[in-house]
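Labels below follow one simple rule: chain letters A, B, ... track the order of the sequence lines, proteins then strands, and each chain is numbered from 1.
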Amino acid sequence: MSLSNEQKPDEEDLVNSVIQGNTLAFGVIVRNTEGLVAQVVFRMLSNTEDRKDIIQEIYVKVFRNLSEFKFRSKLSTWIARIAFTTCVNYLEKEKRQPDSRPLEQDEEGEDPMGQLSPDAKYSEPEEHVFRRELSSILTVEMEKLPPLYRMIVVLYHQEDLSYMDIAQVTGLPSGTVKSYLFRARRKLKENILAQYKQEEL
Amino acid sequence: MTTIHPPDSEIQAYSLDRRACAPETAEHIAQCASCAARVMNYTMLFSAVRDAPKPVIDFDVAGTVLARLPGYKKASGLSDWLVYAVAFAAIAFLGMLAWVLQRDLPGMFDRAASMMMYVLLIPIAGILIWQGYDVYRRYQRQSGILG
């Protein structure tokens, strides 16, 4: 069994401490990973009332199964995997299948929304306006993405997880993760551009 | 410069890391306003996603989860020790009082000072009863977690 390259020595010490009964060390693990867990839970579950219970359930599972963690991945990735599967199980239990249907797949290279006119160049004031409006439009359009795509986008761009890390979290092949990420980004861009042009009119 | 516009996947890859793209792709984008605009759109999108507010958990996750774990012992604070000290002192005081006044105890309740005794004894009894109930409640909670 080989340790992952990014295994921090203190991470192993923390895990061993918890296994030996040090629950305060577990508190450290919780604080180090709650941001990532929040990303998974908040993006997968729209129901805000259940998030608190789900988060607690995730960490109770982590505590009970920590002795089975073999350091084949980063601890945070392993915990994120538990968070993801807990969310999926919750959605299935609530009869709400996690919407992981693929976004419409267009032929590579085609941009259904059309590109900007060949000579389009943003003048500085226009670009500044676009940036300010982008964040508000982005929030709305992100919510329209299927939960799995939404989660993958933030894990990559906000949490800086690699394709391999995201693959370990979701249980999907890394090629599939890459494909989903590509489609989600394109969908976001298309919808945002459409929204922006609509507001301009 | 190649006249074939790169597919969206390459535009995205270029927006993320220009150095990782094929030289011909970079050359085309540098000379094609349309593709440069596509790159800019993606660059701004990625930047906006990265800068978007992250979700925040608004409760003490570690504390809440630790309290649910079996065998978890919350570190006793100063207030807990103070209450135990007061309870012990009250019991010791009562015991000492009873020993000192053992001969006069039966007659004390007949005198006017008996009211003072009630004023003293009732709050002490209340504290002891509350402490006993608190210990019982903790035992019930721990039993529930383990069960």
Less than 4.0 Å between a side-chain N and a carboxylate O, is that true for Arg50(B) and Asp160(A)?
no
Whatever's closer than 4.5 Å to a heavy atom in chain B on Tyr59(A) counts as both
So, the part of Arg43(A) with a heavy atom under 4.5 Å from chain B: the answer is side chain
Atom group of Leu16(B) that falls short of 4.5 Å from chain A, counting heavy atoms
side chain
Comparing Leu138(A), Val41(A), Val60(A) against chain B, the one with the most heavy-atom pairs below 4.5 Å turns out to be Leu138(A)
Looking at Glu159(A) and Lys54(B), is any side-chain nitrogen of the basic one under 4.0 Å from a carboxylate oxygen of the acidic one?
yes
Would you say the side-chain atoms of Ser179(A) and Arg183(A) include a donor-acceptor pair closer than 3.5 Å?
yes
Taking the cut-offs as 6.0 angstrom to the six-membered ring centre and 45 degrees off its axis, would you call Arg68(B) and Phe63(A) a cation-pi pair?
no
Contact part of Val65(B) toward chain A, heavy-atom cut-off under 4.5 Å: side chain, backbone, both or neither?
side chain
When you compare the side chain of Glu27(B) with that of Gln31(B), does any pair of heavy atoms fall below 4.5 Å?
yes
Atom group of Lys178(A) that falls short of 4.5 Å from chain B, counting heavy atoms
neither
